[in-house]
K.L.:
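Please see the structure below; I have some questions.
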Amino acid sequence: DMDVAGHLTLVGATRDEIGVVIDDYIAAGVRHIVALRGDVPEGADCRADGSVAGGYRDAAELVAGIRAHVAGTEAEDMQISVGAYPEVHPKAASPQADLDSLKAKLDAGADRALTQFFFDTDVFLRFLDSARSAGITAPIVPGIMPVANFTNICRFSERCGTTIPDWMHVLFADLDDAPEVHQMVAATVAAEQCRRLAEHGVNQFHFYTMNKPELTAATCR
């Protein structure tokens with residue numbers, strides 16, 4: 001009885017091909033799509049931005065395309081979520097350009113933004129202030145990443161531009177080989193991050209489970 005959100009990217013696909021995927025989602029009863037540009041695989045047969053001839057050029061166009069596709073259908077009330085980047089997308093020209101991109105996606109018909117994960121709560125709160133100052137009123141849901149493996153998180157964070165505070169390096173030192181202690185520490189850190197955000201009025205969280213549901217469940221508890 002849980003609502004499921006289907007992810008959808010524009011990489012390497014035409015508008016017609018994406019339309020087929022949307023129709024399949026609708027047929028399966030999905031009424032929530034997370035619309036993303038998507039990462040471009042090495043050697044992919046597409047432009048540097050992931051688009052192809054006859055496809056969508058960016059996530060804002062994808063959102064508008066989804067809205068047009070479901071108009072007048074049983075899925076006209078389809079919820080659409082998009083990505084946001086508290087520490088700026090690695091390929092964005094500037095923080096302002098990144099904020100403009102977010103606003104364009106929401107103006108195109110998205111209902112909310114789900115952020116990339118972050119570990120410095122103040123980074124998210126500053127980003128939220130900037131978004132509101134830019135006229136963005138849609139919900140911005142913070143992305144929470146319980147640390148299942150600190151070494152892997154460090155590698156992942158470097159690729160996506162997420163800063164890992166120095167205190168986390170100290171806290172998780174040598175814990176990858178102590179799984180029970182690691183899980184306890186990781187759940188406590190993530191729960192404290194949520195508590196701080198809740199103190200500032202945040203009442204929704206988007207958890208990156210990384211196929212480790214037990215850790216996310218411990219954080220929520």
Side-chain angles (χ1 to χ4, degrees), residues 1-86 88-93 97-117 131 136-145 156 159-162 204-213 216:
D1 60 352
M2 181 182 293
D3 291 334
V4 175
H7 284 57
L8 184 62
T9 75
L10 60 84
V11 173
T14 65
R15 296 184 180 218
D16 288 343
E17 289 168 337
I18 289 172
V20 171
V21 177
I22 297 170
D23 288 338
D24 286 345
Y25 275 145
I26 294 173
V30 173
R31 294 297 181 269
H32 186 175
I33 289 177
V34 181
L36 307 166
R37 190 199 73 169
D39 296 325
V40 183
E42 287 188 20
D45 186 18
C46 58
R47 303 184 185 107
D49 61 3
S51 65
V52 296
Y56 297 106
R57 292 176 298 176
D58 55 36
E61 281 196 359
L62 175 59
V63 170
I66 296 170
R67 279 280 167 245
H69 193 87
V70 301
T73 73
E74 61 181 309
E76 192 164 23
D77 60 347
M78 180 77 74
Q79 293 285 302
I80 302 177
S81 296
V82 293
Y85 302 85
V88 185
H89 191 285
K91 294 186 178 179
D98 202 31
L99 206 55
D100 291 343
S101 174
L102 173 59
K103 191 171 189 305
K105 290 184 285 189
L106 293 164
D107 289 346
D111 298 286
R112 73 187 57 75
L114 311 174
T115 80
Q116 179 62 276
F117 69 93
I136 294 173
T137 59
I140 298 178
V141 183
I144 307 298
M145 174 76 85
F156 193 26
R159 291 201 304 271
C160 64
T162 295
Q204 291 184 317
F205 304 97
H206 176 73
F207 287 94
Y208 290 91
T209 65
M210 306 303 286
N211 294 323
K212 301 288 184 182
T216 296

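As the structure is a computational prediction, the values presented were derived from the model and not from experiment. Index from 1, following the sequence.
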K.L.:
Hey, are the side chains of Met145 and Thr162 touching, using non-hydrogen atoms and a 4.5 Å cut-off?
P.N.:
no
K.L.:
Okay, side chain of Arg67, backbone of Met78: is any donor-acceptor separation there less than 3.5 Å?
P.N.:
yes
K.L.:
Can you list everything that forms a salt bridge (charged side-chain N to carboxylate O under 4.0 Å, His left out) with Glu74? Sequence neighbours excluded, please.
P.N.:
Arg31
K.L.:
Give the C-alpha distance, both sets of side-chain angles, the deciding distance and a yes or no for side-chain contact (heavy atoms from CB on, under 4.5 Å) between Ile136 and Leu106.
P.N.:
CA-CA 8 Å; Ile136 294 173; Leu106 293 164; 3.5 Å; yes
K.L.:
Under the 3.5 angstrom rule, does the side chain of Glu76 hit a backbone N or O of Gly72 as a donor-acceptor pair?
P.N.:
yes
K.L.:
The test is side chain to side chain donor-acceptor pair (under 3.5 Å); show your working for His69 and Asp23 and say whether it passes.
P.N.:
CA-CA 9 Å; His69 193 87; Asp23 288 338; 2.7 Å; yes
K.L.:
I need the Thr9 OG1 to Ile18 CD1 distance, nearest 0.5 Å.
P.N.:
7.0 Å
K.L.:
Atom CG of Asp111 and atom CD1 of Ile33: how far apart are they, to the nearest 0.5 Å?
P.N.:
11.0 Å
K.L.:
To the closest 0.5 Å, what do you measure between CD (Glu61) and CD1 (Ile66)?
P.N.:
12.0 Å
K.L.:
Enter the distance from Leu36:CG to Leu62:CG here, rounded to the nearest 0.5 Å.
P.N.:
8.0 Å
K.L.:
To the nearest 0.5 Å, how far apart are CG in Asp100 and NZ in Lys105?
P.N.:
12.0 Å
K.L.:
Spell out, as yes or no, whether a donor-acceptor pair under 3.5 Å connects the side chain of Arg112 to the backbone of Ile140.
P.N.:
no
K.L.:
Is there a side-chain contact between Glu17 and Thr14 (heavy atoms, below 4.5 Å)?
P.N.:
yes
K.L.:
Does the side chain to side chain donor-acceptor pair (under 3.5 Å) test come out yes or no for His32 and Ser81, once each step is laid out?
P.N.:
CA-CA 8 Å; His32 186 175; Ser81 296; 2.7 Å; yes
K.L.:
Kindly check if the number of other-residue, nucleotide or ligand heavy atoms within 6.0 Å of CG (Asp3) is above 12?
P.N.:
no
K.L.:
Can you tell if the side chain of Cys160 reaches within under 4.5 Å of the side chain of Tyr85, non-hydrogen atoms only?
P.N.:
no
K.L.:
When rounded to the nearest 0.5 angstrom, what is the spacing between CD1 in Ile22 and CZ in Arg15?
P.N.:
11.0 Å
K.L.:
Assign the ring pair Phe207 / Phe205 to parallel, tilted or perpendicular, where the plane angle (0 to 90°) is split at 30° and 60°.
P.N.:
tilted
K.L.:
Any ion pair linking Asp98 and Lys103 (charged N to carboxylate O, less than 4.0 Å)?
P.N.:
no
K.L.:
Any side-chain heavy atom of Gln116 sitting closer than 4.5 Å to one from His206?
P.N.:
no
K.L.:
Do Val82 and Leu102 have side chains that approach each other closer than 4.5 Å (heavy atoms only, starting at C-beta)?
P.N.:
yes
